[in-house]
Amino acid sequence: MKYDAVIIGGGPAGLCTAVNLLSHGVSCCIIDKAVFPREKICAGVLTIKTREKINSIFRGFPWEDLKCSTISKLKIQFRNTSIGTYNLKYPYVIVDRAQFDYELMKYFLRMNGKLMENERSYKINISDNNIILSDGTIIQYDFLVGADGINSRIRKFIDPLYKPKALCIQAFTEPDSCPEYVSADFGYIHSGYCWNIPCGNKLGIGVAGSIKELNNIKKTFTTQAAIYEIGKKDIRSWLLSCGNYVRKPINKNIILVGDAAGLVDPVTGEGIYYAVESGILAADSIVSFYNKGYMNYHSTVKLIHKRINQQKRFRFLLYSGFFRKSTLFIVKKKTHWAEFIFDEVISAYNNTYSEALIKLIESLVRK
Ligand SMILES: Cc1cc2nc3c(=O)[nH]c(=O)nc-3n(C[C@H](O)[C@H](O)[C@H](O)COP(=O)(O)OP(=O)(O)OC[C@H]3O[C@@H](n4cnc5c(N)ncnc54)[C@H](O)[C@@H]3O)c2cc1C
């Protein structure tokens with residue numbers, strides 16, 4: 001059996017790579033260790049830029065079939081005290097990741113894409129460009145794409161020393177009534193935040209921060225979980241990248257995308273957008289190889305790295321002692337500026353944090 005590309009992992013990154021390849025006539029298959037629909041630990045917030053990117057690849061994506069919530073208010077808190085509640089120009093769509101990823105997968109299958117699921121003990125022969133599945137089937141490939149998430153097996157062939165730096169703990173509960181807003185509390189974790197995110201009749205509660213704050217993250221989550229009487233069996237924890245992406249996520253014919261490449265917004269923890277974008281860029285690069293004889297992923301993915309570097313600089317303002325208090329003070333006092341950050345900088349990527357800071361300085365000078 002031979003495919004132009006074998007993609008390990010059928011999350012958003014792998015599926016965007018696959019669907020983009022198939023639409024350009026490049027053959028591919030997906031190998032995943034899970035059976036779909038499968039659980040994915042995630043709060044499920046899709047910003048407008050993510051939905052637009054998905055719509056550009058998954059044409060006619062059946063949003064109406066998803067059990068999702070559309071939320072247009074964001075509440076920012078500090079140790080349970082409100083800093084402000086902000087109206088979102090571009091509402092968040094909150095999805096159940098198992099269902100959302102399954103819809104993406106069904107789209108791929110409708111394109112006659114081939115999924116090998118429940119594959120846990122396949123063997124990768126890098127030197128022979130092939131994979132031997134658990135039933136002995138040999139799959140030959142030109143390209144191997146690592147879309148296998150934060151604990152990527154494929155990443156070991158490119159950056160064996162890479163280590164994720166952040167940790168999230170999350171659980172879902174079904175309270176009598178869910179809030180009509182997403183809330184983020186910056187008062188408990190120095191390097192991260194706690195969230196409450198409604199999705200239908202469920203409420204996702206979570207805590208994220210640097211692994212260095214492990215004990216504080218655990219303690220904060222335990223306090224939150226006790227409020228909602230969440231039992232241990234419902235609690236999930238997962239690693240996340242925090243600005244430390246893989247610098248060169250391509251080595252010869254092996255390419256990393258999404259979480260496997262460490263592509264996550266270090267301010268918010270949003271990763272689905274970069275999973276989708278890097279998947280599209282990786283597929284474009286493979287198509288370019290077949291059409292023009294060269295690959296450009298290393299240069300195109302640098303645009304994502306550039307944006308993450310900008311986000312890292314703002315992360316410093318929001319997540320370091322003195323600056324955090326001043327930043328939250330401005331967010332409290334300057335409602336329109338805060339909404340500009342939430343809408344144009346975070347949700348839409350229409351502006352950068354630097355442009356937002358210039359806007360803030362201009363408004364202070366005008367006063
Ligand atoms: C608690 C939490 C909350 C989050 N909330 C948000 C949010 O609200 N919005 C947002 O945008 N991002 C959020 N993220 C980040 C987001 O979940 C990820 O960035 C995104 O899922 C990355 O997509 P991916 O396709 O790269 O990887 P994944 O979605 O992790 O998919 C990887 C796939 O690879 C498969 N796989 C893994 N290992 C192997 C293997 N060895 N062999 C074969 N298959 C394998 C898995 O089964 C899976 O199907 C959150 C993350 C966490 C941990």
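Nothing here was measured: the structure is a model prediction, and the numbers come from that model. Counting starts at 1 for both ligands and their atoms, in listed order.
Checking only distances, Arg97 does come within under 3.5 Å of ligand 1, N or O to N or O. The shortest N or O to N or O distance between Trp195 and ligand 1 is not under 3.5 Å. Considering both main-chain and side-chain atoms, Arg153 never comes within under 3.5 Å of ligand 1 through any nitrogen or oxygen pair. Every N/O-N/O distance between Tyr273 and ligand 1 stays at or above 3.5 Å. Residue Glu270 places no N or O, backbone or side chain, under 3.5 Å from any N or O of ligand 1. Residue contacts with ligand 1: Gly44 is placed with a nitrogen or oxygen under 3.5 Å of a nitrogen or oxygen of the ligand (distance criterion only). Ligand 1 has a nitrogen or oxygen under 3.5 angstrom from a nitrogen or oxygen of Pro12. In terms of polar-atom proximity, defined here as any N/O pair under 3.5 Å, Leu239 makes no such contact with ligand 1. Of the N or O atoms in Gly258, none lie within a sub-3.5 Å distance of an N or O in ligand 1. Considering backbone and side-chain N/O of Val45, one or more are found under 3.5 Å from N/O of ligand 1.
Judged by the shortest distance from any of its heavy atoms, Gly206 lies outside the 4.0 Å radius around the atoms of ligand 1. The shortest separation from a heavy atom of Tyr274 to ligand 1 is not under 4.0 Å, leaving the residue out of contact.
For atom 40 (C) of ligand 1, the closest non-hydrogen atom on the protein side is Tyr122 OH, 3.4 Å. With respect to atom 12 (N) of ligand 1, the closest heavy atom belonging to the protein is Gly271 N, 3.0 Å. Ranking protein heavy atoms by distance to atom 45 (C) of ligand 1, first place goes to Lys33 CG, 3.7 Å.
Side chains of Ile255 and Met295 form a contact here, defined as non-hydrogen atoms less than 4.5 Å apart. Contact of the Lys219 side chain with the Tyr188 side chain is not registered, since no non-hydrogen atoms from C-beta on lie closer than 4.5 Å.
Side-chain contact annotation: Thr268 with Asp265, donor-acceptor N/O pair under 3.5 Å present. Counted by atom type alone, Ser237 and Gln170 present zero donor-acceptor pairs between their side chains at under 3.5 Å. Between the side chains of Asp159 and Tyr245, not a single donor N or O lies within less than 3.5 Å of an accepting N or O.
Counting heavy atoms under 4.0 Å from ligand 1, residue Ala43 touches it through both backbone and side chain. Contacts with ligand 1 closer than 4.0 Å are made by no heavy atom of Arg236, backbone or side chain. The backbone and the side chain of Asp32 each have at least one atom closer than 4.0 Å to an atom of ligand 1 (non-hydrogen atoms only). Here Ile272 has heavy atoms under 4.0 Å from ligand 1 in both its backbone and its side chain. Counting heavy atoms under 4.0 Å from ligand 1, residue Arg120 does not touch it at all.
When Ser152, Cys42, Gly11 are ranked by how near their heavy atoms come to atom 13 (C) of ligand 1, first place goes to Cys42. With distances taken over non-hydrogen atoms, the option nearest atom 39 (C) of ligand 1 out of Asn118, Ile124, Asp148 is Asp148.
Using a cut-off of 4.0 Å between Lys/Arg side-chain N and Asp/Glu carboxylate O, Lys218 and Glu213 are scored as not salt-bridged. Using a cut-off of 4.0 Å between Lys/Arg side-chain N and Asp/Glu carboxylate O, Asp185 and Lys75 are scored as not salt-bridged.
Just one residue in the list Phe323, Tyr319, Tyr353 forms a ring-ring contact (aromatic ring centres under 6.0 Å, His included) with Phe314, and that residue is Tyr353.
Interface atoms of ligand 1 facing Ile41, defined by a heavy-atom separation under 4.0 Å, are 1 (C), 2 (C), 51 (C), 52 (C), 53 (C).
Cation-pi check for Lys106 over Phe108 is not met; the charged atom does not lie both under 6.0 angstrom from the ring centroid and within 45 degrees of its normal. For the pair Arg236 and Phe172, the NZ or CZ position fails the cation-pi test of under 6.0 Å to the six-membered ring centre and within 45 degrees of the ring normal.
Rounded to the nearest 0.5 Å, atoms CD1 (Ile230) and CD (Gln224) are 8.5 Å apart. Residue Asp96 holds its CG atom at 9.5 Å from CD of Glu39, rounded to the nearest 0.5 Å.
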Query raised in the report: Given Phe342 and Tyr86, is the ring-ring contact (aromatic ring centres under 6.0 Å, His included) satisfied, shown in steps?
Result: CA-CA 9 Å; Phe342 301 137; Tyr86 304 88; 5.2 Å; yes
